[in-house]
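For reference, the structure discussed in these notes is given below.
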Amino acid sequence: MKDRVALVTGSTRGIGKSIALDLARRGAHVVVSGTNQEKIAQTVAEIEALGVQALGVSADLSQSESAAQLIDAAMGKFGRIDILVNNAGITRDGLMLRMKEDDWEAVLNVNLSSVFRLVKLALKPMMKARFGRIINITSVVGFTGNPGQANYTAAKAGLVGFSRSVAREVAPRGITVNCVAPGFIATDMTEALNDQAREAILSQIPTGAMGSAEDIAGAVAYLAAESTSYVTGETLHVNGGMYMG
Ligand code: NAD
């Protein structure tokens with residue numbers, strides 16, 4: 001992965017930050033994107049300390065124009081994007097009968113539509129280079145369903161169909177498009193669970209533990225590797241055996 005350029009959305013904390021640091025350790029230069037300037041600067045410094053280049057870009061992906069700003073910034077600094085990891089995601093949980101249309105739209109916008117916008121723009125330089133690795137972070141609940149998450153699961157399942165269609169379109173150009181589906185991973189997103197919910201989830205995981213952000217980073221690195229050219233349109237499940245797709 002030496003000297004490849006990776007853009008990782010939502011890479012200032014949690015799973016995204018682990019992915020960014022892992023790709024940097026493997027020699028990639030990294031475009032860090034998030035919404036908090038301080039956290040962006042901190043992550044950029046951690047990546048540069050690993051001996052590769054980093055660019056921090058503040059981009060609120062709920063705004064459609066931010067996709068172009070992010071891709072332009074990456075192209076301006078590095079002139080290429082080899083690896084795009086669409087990791088940024090939000091939840092706005094609520095039972096279907098009470099779910100507001102705003103909560104549906106906000107989740108679909110950040111978790112699915114922003115991926116459409118970024119992939120569309122990143123494909124141009126990738127097609128030219130005849131190389132690209134696109135990795136979309138979906139979720140186990142996009143496959144199993146989850147009460148209270150109709151919006152989130154629709155977006156995450158949507159990413160899988162989207163990835164398969166684009167994978168078929170761009171395969172002849174040396175570009176792969178895959179998903180990683182984390183199970184329950186210890187991050188700020190799952191910190192919000194109460195003890196009862198945590199116990200209920202753990203009882204369904206054969207390994208008996210939540211996963212780590214590093215577990216997801218390892219799966220992303222596999223799909224991002226140059227040697228992984230014959231895997232496309234696939235979803236790699238990383239969930240301790242909770243769901244075997
Ligand atoms: P997190 O909440 O810790 O991090 C989410 C990241 O997305 C943050 O860096 C945040 O800044 C960014 N983000 C959110 N809204 C944004 C916006 N409008 N514009 C730009 N960036 C924005 O979550 P996490 O647990 O690290 O999750 C990362 C990804 O993994 C998400 O897509 C999530 O759905 C998915 N996932 C997580 C788990 C889990 O158990 N933690 C399980 C399955 C899937």
Side-chain angles (χ1 to χ4, degrees), residues 7-22 30-44 46 56-71 73 84-93 102-103 105-115 117-118 135-146 149 151-160 162-163 179-193 197-198 201-202 204-205 209-217 219-220 235-240 242-243 245:
L7 192 169
V8 185
T9 67
S11 44
T12 55
R13 69 180 205 201
I15 291 171
K17 183 167 181 179
S18 264
I19 294 169
L21 288 170
D22 183 90
V30 183
V31 181
V32 173
S33 109
T35 49
N36 178 317
Q37 290 285 6
E38 213 174 296
K39 284 187 178 170
I40 292 173
Q42 167 69 24
T43 309
V44 163
E46 288 178 45
V57 186
S58 177
D60 176 358
L61 293 172
S62 66
Q63 308 298 312
S64 54
E65 62 279 6
S66 68
Q69 286 160 5
L70 187 48
I71 298 290
L84 170 64
V85 184
N86 289 302
N87 163 80
I90 57 168
T91 52
R92 290 253 191 114
D93 298 352
D102 278 357
D103 296 332
E105 274 170 5
V107 169
L108 267 287
N109 186 23
V110 173
N111 296 12
L112 185 59
S113 301
S114 81
V115 177
R117 295 189 280 261
L118 285 166
I135 298 141
N136 298 321
I137 307 299
T138 174
S139 171
V140 65
V141 296
F143 292 80
T144 61
N146 202 24
Q149 291 199 308
N151 49 1
Y152 182 78
T153 52
K156 292 302 190 184
L159 280 178
V160 175
F162 169 81
S163 302
C179 291
V180 172
F184 280 86
I185 308 299
T187 66
D188 291 346
M189 195 178 259
T190 45
E191 186 86 334
L193 292 170
R198 192 177 300 269
I201 289 161
L202 285 177
Q204 290 169 41
I205 304 176
M210 288 178 100
S212 68
E214 289 70 29
D215 290 326
I216 306 307
V220 170
T235 298
L236 188 44
H237 290 273
V238 185
N239 59 34
M242 180 187 179
Y243 170 81

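Counting starts at 1 for both ligands and their atoms, following the listed order. A quick note: this is a predicted structure, and the numbers were derived from the prediction, not measured. The first residue of the sequence shown is numbered 1, and numbering continues consecutively from there.
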Aromatic plane relationship, F143 with H237 - under 30° parallel, 30 to 60° tilted, over 60° perpendicular = perpendicular
Let me see the working for S66 and D60 under side-chain hydrogen bond (donor to acceptor under 3.5 Å, both in side chains), right down to the final yes or no.
-> CA-CA 6 Å; S66 68; D60 176 358; 6.0 Å; no
Would a 4.5 Å heavy-atom cut-off, applied to side chains only, mark T91 and V107 as touching?
-> no
Name all residues meeting the salt bridge (charged side-chain N to carboxylate O under 4.0 Å, His left out) criterion together with D22; count only those two or more places apart in sequence or in a different chain, and write none if there are none.
-> R26
Would you check if there is a donor-acceptor pair between the side chains of D103 and N151 at a distance under 3.5 Å?
-> no
Amino acids contacting ligand 1, non-hydrogen cut-off under 4.0 Å | G10, T12, R13, G14, I15, T35, A59, D60, L61, S62, N87, A88, G89, I90, V110, I137, T138, S139, Y152, K156, P182, G183, F184, I185, T187, D188, M189, T190
Identified side chain to side chain contact (heavy atoms under 4.5 Å, CB included) counterpart of L7 within the set V85, I71, N86 = I71
